[in-house]
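Everything on this sheet refers to the single structure shown next.
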Amino acid sequence: MGKEHDEKLIDEDPNAELDDSMRIKLLEASAKSRLIILAIMATLCLILLAIVIAGFITMTMRISDLEAANVELHALHTEQEGTLEAISLQLAKFDSDYGSSLDSIKDLSLNGAEGKLAKVAKMLQQLSDMREKELATTRNGLLSLSRMVRGSSVWQDDYGNQYQDLLSKNRNLMEQIQDLRGVKKEEKPEPPGTLDF
């Protein structure tokens with residue numbers, strides 16, 4: 001019916017006047033096409049509005065996630081600044097301790113020409129050598145005396161082992177001092193033994 005009406009309208013003279021029924025049909029046809037266009041436009045607006053709302057919700061969620069990440073990063077940054085400050089203080093303390101330790105190391109250097117510890121170790125070595133000679137001399141004197149005085153050979157039995165123990169401990173001490181000084185062990189002749197008459 002609409003096609004016939006449109007064909008009639010096309011066939012008719014455009015300058016001719018339309019009657020009321022024709023006008024109503026023409027208005028109804030244009031109203032239907034306008035309603036379809038409006039429905040399409042409303043659907044498009046709803047789709048567009050849904051896209052905008054979904055985008056807004058997504059952006060809001062992302063912004064809240066970014067804010068949470070920013071708060072975490074700020075807390076981590078603050079914590080790392082505290083750690084860095086503590087490390088800086090420890091480094092400063094270490095630096096000052098290191099400076100004072102260098103002075104002490106110079107005094108304690110065994111290899112350095114000015115090292116006080118090297119001098120002390122050398123003096124200990126000399127004292128140990130003198131102690132070795134003193135013990136050997138005293139032991140030899142006791143043995144000689146025990147041979148001269150009748151009935152005193154018991155002295156040799158009583159004190160000989162004690163002197164031997166003292167000499168052995170002194171030799172161990174001498175080796176420890178030489179190790180401390182870094183002196184290589186050299187072959188030494190046996191310390192003076194007993195004197196035979």
Side-chain angles (χ1 to χ4, degrees), residues 58-197:
T58 304
M59 290 299 289
T60 304
M61 288 172 55
R62 285 187 181 173
I63 287 172
S64 66
D65 288 346
L66 287 174
E67 286 177 353
N70 190 25
V71 168
E72 270 185 48
L73 284 174
H74 182 68
L76 183 63
H77 178 70
T78 304
E79 181 183 337
Q80 287 179 346
E81 278 183 344
T83 304
L84 185 62
E85 187 175 324
I87 289 173
S88 296
L89 290 173
Q90 288 177 350
L91 280 175
K93 185 178 181 302
F94 175 76
D95 192 32
S96 66
D97 290 347
Y98 178 73
S100 62
S101 295
L102 281 179
D103 294 335
S104 299
I105 287 171
K106 287 179 184 173
D107 289 339
L108 296 176
S109 173
L110 288 172
N111 298 325
E114 299 175 14
K116 291 180 182 176
L117 188 58
K119 292 176 183 177
V120 170
K122 192 172 183 180
M123 288 175 10
L124 282 174
Q125 181 71 46
Q126 291 171 352
L127 282 172
S128 184
D129 288 342
M130 290 186 333
R131 178 76 174 153
E132 176 93 11
K133 290 175 185 172
E134 178 186 358
L135 285 171
T137 303
T138 308
R139 183 190 65 187
N140 291 341
L142 179 65
L143 289 174
S144 295
L145 189 61
S146 69
R147 289 188 184 133
M148 288 185 217
V149 178
R150 189 178 279 181
S152 61
S153 61
V154 178
W155 293 353
Q156 184 177 354
D157 295 335
D158 289 343
Y159 298 112
N161 290 334
Q162 292 178 17
Y163 272 103
Q164 194 58 39
D165 186 46
L166 286 172
L167 284 167
S168 175
K169 286 180 181 177
N170 193 57
R171 286 186 193 118
N172 287 339
L173 179 63
M174 287 172 68
E175 288 175 8
Q176 290 175 6
I177 293 171
Q178 286 177 346
D179 286 344
L180 180 67
R181 291 180 59 207
V183 176
K184 293 183 180 178
K185 191 173 182 181
E186 56 185 57
E187 296 297 326
K188 287 178 103 179
E190 278 295 314
T194 60
L195 296 175
D196 292 326
F197 292 99

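Just so you know, residue 1 is the first one in the sequence shown, and it goes up from there.
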* Pairing of D129 and K133 as salt bridge, 4.0 angstrom limit -> no
* Structure fact -> Taken to the nearest 0.5 Å, the spacing of Q125 CD from L173 CG works out to 8.5 Å
* Asked: What distance do I63 atom CD1 and N70 atom CG have between them, rounded to the nearest 0.5 Å?
  -> 12.5 Å
* Asked: What distance separates L91 CG from K93 NZ, expressed to the nearest 0.5 Å?
  -> 12.0 Å
* Structure fact -> By side chain to side chain contact (heavy atoms under 4.5 Å, CB included), L166 pairs with (sequence neighbours left out) L135
* Any residue meeting side chain to side chain donor-acceptor pair (under 3.5 Å) with Q164, in chain and number order, not counting sequence neighbours -> R139
* **Set of side chain to side chain contact (heavy atoms under 4.5 Å, CB included) partners for T137, sequence neighbours left out** => none
* For E132 and N170, which heavy atoms make the closest approach, and how far apart are they? -> OE1-ND2, 3.1 Å
* By salt bridge (charged side-chain N to carboxylate O under 4.0 Å, His left out) - contacts of D65 (at least two apart) -> none
* Asked: How would you list, by chain and number, every residue that makes a side chain to side chain contact (heavy atoms under 4.5 Å, CB included) with E134, sequence neighbours excluded?
  -> R131, T138
Check residues 78-90 and write down every donor-acceptor pair under 3.5 Å in which the side-chain atom is one partner and the other belongs to a residue at least two apart or another chain.
{"residue": "T78", "atom": "OG1", "partner": "H74", "partner atom": "O", "Å": "2.8"}
{"residue": "E81", "atom": "OE2", "partner": "H77", "partner atom": "NE2", "Å": "2.9"}
{"residue": "T83", "atom": "OG1", "partner": "E79", "partner atom": "O", "Å": "3.0"}
{"residue": "S88", "atom": "OG", "partner": "L84", "partner atom": "O", "Å": "2.9"}

* Donor-acceptor contact below 3.5 Å, side chain N140 vs main chain A136 -> yes
